[in-house]
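The structure under discussion is supplied below as structure tokens; questions concerning it will follow.
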Amino acid sequence: MKGGIKKILPRTLFGRSLMILVTPILLIQIISTVVFFDRHWVKMTDRLAFSVAGEIAMIADRVEKDASASALNEIKTYAGQNLELLINFEPEARLEDERHDGHAGLKETVISRTLAKAMDAQVRRPYLINVDVNEKWVEVSVTVTDGVLRVSLPQRRLFSSSGYIFLLWMIAISLVLLMVAILFMRNQIRPIRRLAVAAERFGKGMDVPTSFKPEGAREVRQAASAFLDMQERIKRQIQQRTAMLAGVSHDLRTPLTRMKLQAAMLGNNPDVEALKSDIADMERMIDAYLDFARGEGGEQASRTDLKAILDRVAAGVRRQGVKVDLSAEGDLSLHMRPVAFERCLTNLVNNARKYGGDIWIDVVRGEDEVVITIDDNGPGIPDEKMEDVFRPFYRIDESRNPATGGVGLGLPIAQDIIHSHGGEIMLAHSPHGGLRVKITMPA
Ligand SMILES: Nc1ncnc2c1ncn2[C@@H]1O[C@H](COP(=O)(O)OP(=O)(O)O)[C@@H](O)[C@H]1O
Ligand SMILES: [Mg+2]
């Protein structure tokens, strides 16, 4: 039930606020229209018919009493001048011989029904009503003692078109109100939509246009300036992190280089070899930390062909003698930061090479997303560790075995990059036996 109502309700803020505004107006109009028609217009139509029927009854009485030519003439003149009734008396006619076509339109029905009711009550003689809507005339034929009395009258004596005019006014005013509401509402909603677009762009790592300023209602302005503050803070933090890690690694590299030189001069005994390998490990780690720090770097996003990047990454591992099956078809251009994205894919493919063996890369373009799957046929990752491996410095092989040579930053960096593009990265079990990494990117 609740879901059903939700489905009918408009989804956008614009639609909803418009509905909140328009529904009461519409209700008031409907109610007042109904009340007007029922209380006022119907009653008035009844009264009009009542007085016309009364006049017809009076004339019929007079004609029955005295149907002489002079009396008829007098009645005709009087009715024509004062009552807007045209009188005609046909002495030999019979009402039974006549028929009239069935009532069709609404107006015709309303007129003949109300008049018939009044005629039944007041004239108490057989009668026939003919409504000619086009000519705006009504003809009433009444049986009197020796003939048929025909009374023709203009429609306006029975029917007031103020009802229709009232309706038209109501509709016209509603339309004007609706237009005004739409105009105002659009102006109120625009800043909210701008804020949403800016936040979305920032989330995807794109630049928020400098023209973006807090505007609109106070609450919206508040949210927009809070967003701008937050954006500043995040940018500053990223810069600080990069600067700090760059500084640390630079400072570490200098003594490390000295140590390398000193170790080289120490000659070739097993202890020195171990020292050299430790130094090499440290260099490698420092490089990895730098990569992690640079992850968010200042690279600009642009529309880039994913296929070219995948070809490069695949070629890179193929050179190391690994079998790579790459299937990517169709238009695969995406809005992305190409260097960062390539690093992400390289990390994942290198994992598949190191821990797996053969690699299958598959790209499918959906309606509003591009899905990249990277499969391998290695041992895979057990379900309970699929979340952990995204934590920085987490490795399943706790020994930090230099043979597999990682520091546990490959997946966190990859995830960072995908999230900053507004995408999703998930781990699963591959049908080839190993790990499946599934990346979903907004197209
Ligand atoms: N394709 C894979 N198959 C099996 N295990 C994997 C795979 N990719 C990653 N892992 C596991 O997840 C851990 C974290 O990976 P990662 O963040 O790239 O760090 P690193 O490769 O530096 O160890 C790895 O140590 C490894 O144990
Ligand atoms: Mg790795």
Side-chain angles (χ1 to χ4, degrees), residues 241 245 248-249 252 277-297 309-310 312-328 339-363 371-421 423-441:
R241 184 173 77 165
L245 262 141
V248 167
S249 67
L252 284 180
S277 129
D278 277 349
I279 293 172
D281 278 355
M282 277 175 78
E283 260 191 319
R284 205 165 34 74
M285 285 176 199
I286 287 173
D287 285 346
Y289 301 154
L290 257 181
D291 264 4
F292 186 50
R294 258 190 309 232
E296 286 284 346
I309 294 183
L310 281 167
R312 260 203 308 280
V313 173
V317 275
R318 274 192 194 122
R319 267 198 298 277
Q320 303 175 39
V322 177
K323 222 182 95 207
V324 183
D325 182 304
L326 170 62
S327 97
V339 176
F341 206 81
E342 185 165 343
R343 173 162 41 238
C344 162
L345 291 176
T346 309
N347 284 356
L348 297 173
V349 170
N350 275 336
N351 277 354
R353 172 182 61 81
K354 273 193 295 191
Y355 308 107
D358 298 342
I359 304 174
W360 289 262
I361 305 174
D362 188 49
V363 190
V371 179
I372 309 167
T373 30
I374 301 171
D375 289 311
D376 65 59
N377 55 0
I381 294 179
D383 282 326
E384 67 274 11
K385 296 214 164 117
M386 279 188 178
E387 266 182 42
D388 294 335
V389 290
F390 282 113
R391 288 209 318 260
F393 307 112
Y394 182 91
R395 307 194 66 222
I396 295 178
D397 179 6
E398 292 286 351
S399 69
R400 301 198 167 256
N401 179 3
T404 60
V407 289
L409 285 174
L411 285 176
I413 289 175
Q415 190 186 38
D416 236 30
I417 293 170
I418 295 303
H419 282 177
S420 76
H421 281 85
E424 279 297 328
I425 180 167
M426 275 176 323
L427 299 184
H429 298 284
S430 163
H432 298 288
L435 183 73
R436 159 169 287 187
V437 184
K438 188 174 157 200
I439 298 173
T440 311
M441 288 282 290

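When reading the values below, keep in mind they use all heavy atoms of this one structure, side chains included, and skip hydrogens, waters and symmetry mates. Every value quoted in this text rests on a predicted model; they were computed, and no experiment measured them. Ligands are counted one by one from 1 in listed order, and the atoms in each one are counted from 1 as well.
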* How far does CD of Glu424 sit from CD of Gln415, to the nearest 0.5 angstrom? -> 8.5 Å

* Backbone or side-chain N or O of Gly356 under 3.5 Å from ligand 1 N or O -> no

* To do: Could you tell me whether a side-chain N or O of Asn377 sits under 3.5 Å from a main-chain N or O of Asp358, the two making a donor and an acceptor?
  => yes

* Asked: Does the side chain of His421 come within less than 4.5 Å of Cys344's, by heavy atoms?
  -> no

* Take Lys438 and Val371 through the side-chain contact (heavy atoms from CB on, under 4.5 Å) test and state the conclusion after the steps. => CA-CA 7 Å; Lys438 188 174 157 200; Val371 179; 3.8 Å; yes

* Protein N/O/S atoms closer than 2.8 Å to the Mg ion (ligand 2) -> Asn351 OD1

* To do: Would you check whether Ala414 reaches within less than 4.0 Å of ligand 1, judged by its heavy atoms?
  => no

* Asked: For ligand 1, which atoms sit closer than 4.0 Å to a heavy atom of Ile396?
  -> 11 (C), 25 (O), 27 (O)

* To do: Show the numbers, then the answer: is there a side-chain contact (heavy atoms from CB on, under 4.5 Å) between Val363 and Leu310?
  => CA-CA 10 Å; Val363 190; Leu310 281 167; 3.3 Å; yes

* Asked: Which atoms from ligand 1 have a heavy atom of Lys354 less than 4.0 Å away?
  -> 21 (O)

* **NZ/NE/NH1/NH2 to OD/OE distance under 4.0 Å, Asp281 and Arg284** => yes

* Asked: Which atoms from ligand 1 have a heavy atom of Asn351 less than 4.0 Å away?
  -> 1 (N), 8 (N), 9 (C), 15 (O), 16 (P), 18 (O), 21 (O)

* For atom 13 (C) of ligand 1, which of Ile381, Asn377, Val389 has the closest heavy atom? -> Val389

* **Enumerated ligand 1 atoms positioned under 4.0 Å from heavy atoms of Pro412** => 17 (O)

* Asked: Under the side-chain contact (heavy atoms from CB on, under 4.5 Å) criterion, do Ile439 and Leu348 qualify, and how do the steps go?
  -> CA-CA 11 Å; Ile439 298 173; Leu348 297 173; 3.6 Å; yes

* Indicate yes or no: at least one non-hydrogen side-chain atom of Trp360 is less than 4.5 angstrom from one of Ile374. => no

* Out of Pro392, Gly357, Gly408, Gly410, indicate the one that has the non-hydrogen atom closest to atom 22 (O) of ligand 1. => Gly408

* Say you draw a straight line from OG of Ser430 to CG of Leu435; how long is it, rounded to the nearest 0.5 Å? -> 8.0 Å

* Structure fact -> Per-atom filter on ligand 1: closer than 4.0 angstrom to a heavy atom of Val407 are 22 (O)

* Asked: Would you say Leu435 and ligand 1 have an N/O pair spaced under 3.5 Å apart?
  -> no

* To do: Indicate yes or no for a side-chain donor-acceptor contact from Asp376 to the backbone of Gly356 under 3.5 Å, with no hydrogens or angles considered.
  => no

* Gap between atom CD1 of Ile425 and atom CD1 of Ile418 - 0.5 Å precision -> 5.5 Å

* Residues forming a salt bridge (charged side-chain N to carboxylate O under 4.0 Å, His left out) with Arg318, sequence neighbours excluded -> none

* **Contact check, Asp376 vs ligand 1, heavy-atom distance below 4.0 Å** => yes

* For Tyr394, the ligand 1 atoms whose distance to one of its heavy atoms is below 4.0 Å -> 14 (C)

* Asked: Does Arg395 reach ligand 1 with a nitrogen or oxygen that is under 3.5 Å from one of the ligand's nitrogen or oxygen atoms?
  -> yes

* Asked: Just how far is it from atom CD of Gln320 to atom CZ of Arg353, taken to the nearest 0.5 Å?
  -> 4.0 Å

* To do: Mark the output for Gly378 as yes if a heavy-atom distance to ligand 1 is under 4.0 Å, and as no if none is.
  => no

